[in-house]
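Written out below as structure tokens is the structure these notes cover.
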Amino acid sequence: MVCKITCIPGDGIGPEIVTQAKKVLDRVASVYGHEMNYTDILMGGASIDVHGVPLTQEAIDTAKAADAVLMGAIGGNTSTSPWYKLPPEKRPEAGLLKIRKELNLFANLRPALLYPELAGACPLKEEISAKGFDMLIMRELTGGLYFGERKTITENGKKKAIDTLTYSEDEIRRIAIKGFDIARKRRKKVTSVDKANVLDSSRLWRSVVEEVAKDYPDVTLEHMLVDNCAMQLVRDPSQFDVILTENMFGDILSDEASMVTGSIGMLSSASLNDTKFGLYEPSHGSAPDIAGQDIANPIATVLSAAMMLRFTFDLDREADAIEQAVKEVLRAGYRTGDIWSEGTEKVGCTRMGDLICEAIK
Ligand code: IPM
Ligand code: MG
């Protein structure tokens, strides 16, 4: 199979981790007889520096022409980088929001699981982490507060800012269907998270999710208020399988869930539309403080590449091979600095990539 992939190295550690992920993909391709065909585009700060905007139309067109997009990370240090003196629509993050909207990537999947080898890094009490956990946050990505009308006006000489939270029933239905479909392939439980005790958009969310649930009698549905969910994530994360939620709640809860694993450098993500197309990226950010030192953890990006093989290209065997290789390298005791602990061997970004390649046979 020929896989046509657009890469967004991005900013900070982005380029180094994408290099490792490409190396691993090339290794899988040579073992299983595929061809990886990459085209790089600029996005975020890297694009601002060259084009003055975080994402050009040409870059969007290149992404659209591919089967999938593999991304590193974008953005810089928000207090020191000159990118953050620009107006909001010209900053690095605006490029990310634009590509999500342009490619209609409404379903964002963020797995958060405890790797047994890294259980020591989990910040929760051992009696809680001992149960283990493996959840998937299904976040709506192209609606809600992020894309509603926003403005700042002046009223009676005082400034007033307005953001709008809008959801249509169609937007809710399509993400709910994705959530239930994926729950069916997992432990068959959906926790739909909303703020239905206050917000109209949440009340609509709840009723549409209930309608969709009727088509999935084999999947258990529960509703949870977002503030309670934030609490439950640290009280007992093992109760969750699929967490289905709107854009802003998903942004916040997915950061919390990844922190609870203690190993954010391991967590991948996928943003999908209604076709097989997807954008795959690590759940972590661009870590500008450690960029260019060859110490970043490339595993989240490598695992995002595995998700790409699975979801976009239906190459399950190849995706399994990458995931197995990562586990093997961890079992053999190799760690990047972020997940290192006494008694394990610290390796850099490139070496970690090489070790994963060697473990793919
Ligand atoms: C994320 C990020 C983005 C978001 C930012 C960079 C715009 O936090 O992907 O979670 O809020 O969606
Ligand atoms: Mg976020």
Side-chain angles (χ1 to χ4, degrees), residues 7-21 40-56 59 69-101 108 110 112 121 123 139 141 145-146 150 152 161 163 247-248 250-269 271 279-304 335-340 346 348-350 352-353:
C7 295
I8 304 177
D11 308 316
I13 58 170
E16 348 173 8
I17 54 183
V18 168
T19 299
Q20 299 314 311
D40 282 4
I41 60 171
L42 295 177
M43 191 169 100
S47 174
I48 296 173
D49 289 347
V50 177
H51 302 295
V53 289
L55 185 68
T56 61
V69 177
L70 179 67
M71 183 181 140
I74 54 129
N77 183 318
T78 48
S79 46
T80 58
S81 162
W83 300 327
Y84 294 93
K85 295 206 171 66
L86 296 165
E89 70 282 4
K90 295 230 163 111
R91 288 180 200 164
E93 288 72 9
L96 184 56
L97 298 184
K98 190 164 177 188
I99 204 167
R100 286 175 181 168
K101 197 67 175 178
N108 180 221
R110 298 189 169 179
R139 167 187 175 193
L141 203 59
L145 269 175
Y146 277 64
R150 79 174 95 256
T152 305
D163 293 287
N247 204 345
M248 180 78 154
D251 179 44
I252 299 167
L253 294 176
S254 62
D255 263 25
E256 185 186 359
S258 64
M259 190 61 217
V260 158
T261 68
S263 40
I264 181 163
M266 302 286 298
L267 303 177
S268 54
S269 85
S271 303
L279 181 149
Y280 301 85
E281 57 171 321
S283 279
H284 59 71
S286 61
D289 51 317
I290 60 160
Q293 300 169 42
D294 198 31
I295 57 173
N297 186 350
I299 295 180
T301 319
V302 167
L303 292 174
S304 302
R335 305 279 190 274
T336 43
D338 57 315
I339 50 174
W340 178 83
K346 197 184 282 186
C349 183
T350 309
M352 182 53 95

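Values below: every heavy atom of this structure, side chains too, minus hydrogens, waters and symmetry copies.
- By the 4.5 Å heavy-atom criterion applied to side chains, T301 and E281 are not counted as neighbours.
- Under the 3.5 Å distance criterion, the side-chain polar atoms of S304 are left unmatched by any main-chain donor or acceptor of S268.
- K101 NZ to L96 CG: the interatomic distance, rounded to the nearest 0.5 Å, is 13.5 Å.
- Looking at S258, its side chain never comes within 3.5 Å of a backbone N or O of I264 through a donor-acceptor pair.
- Distance check: L86 CG to I48 CD1 gives 5.5 Å after rounding to the nearest 0.5 Å.
- Counting heavy atoms from C-beta outward, E93 and W83 have side chains that stay 4.5 Å or more apart.
- Judged by distance alone, with hydrogens and angles left aside, the side-chain atoms of Y84 form no donor-acceptor pair with the main-chain N or O of G75 at under 3.5 Å.
- We find the CZ-CG distance between R139 and D251 to be 4.5 Å, quoted to the nearest 0.5 Å.
- Between D40 and V18, every side-chain heavy-atom pair lies at or beyond the 4.5 Å cut-off.
- Looking at M71 and L279, their side chains come closer than 4.5 Å, going by heavy atoms from C-beta outward.
- Note that CE of M352 is 5.0 Å distant from OG1 of T336, once rounded to the nearest 0.5 Å.
- Put simply, the side chain of D11 never gets that close to the backbone of S286: no donor and acceptor are under 3.5 Å apart.
- Residues H284 and I17 form a side-chain contact, since some pair of their non-hydrogen atoms from C-beta on lies under 4.5 Å apart.
- Counting only distance, with no hydrogens or angles, the side chain of T261 and the backbone of S263 share a donor-acceptor pair below 3.5 Å.
- Taking CZ of R110 as the reference point, atom CG of L253 lies at 11.0 Å (rounded to 0.5 Å).
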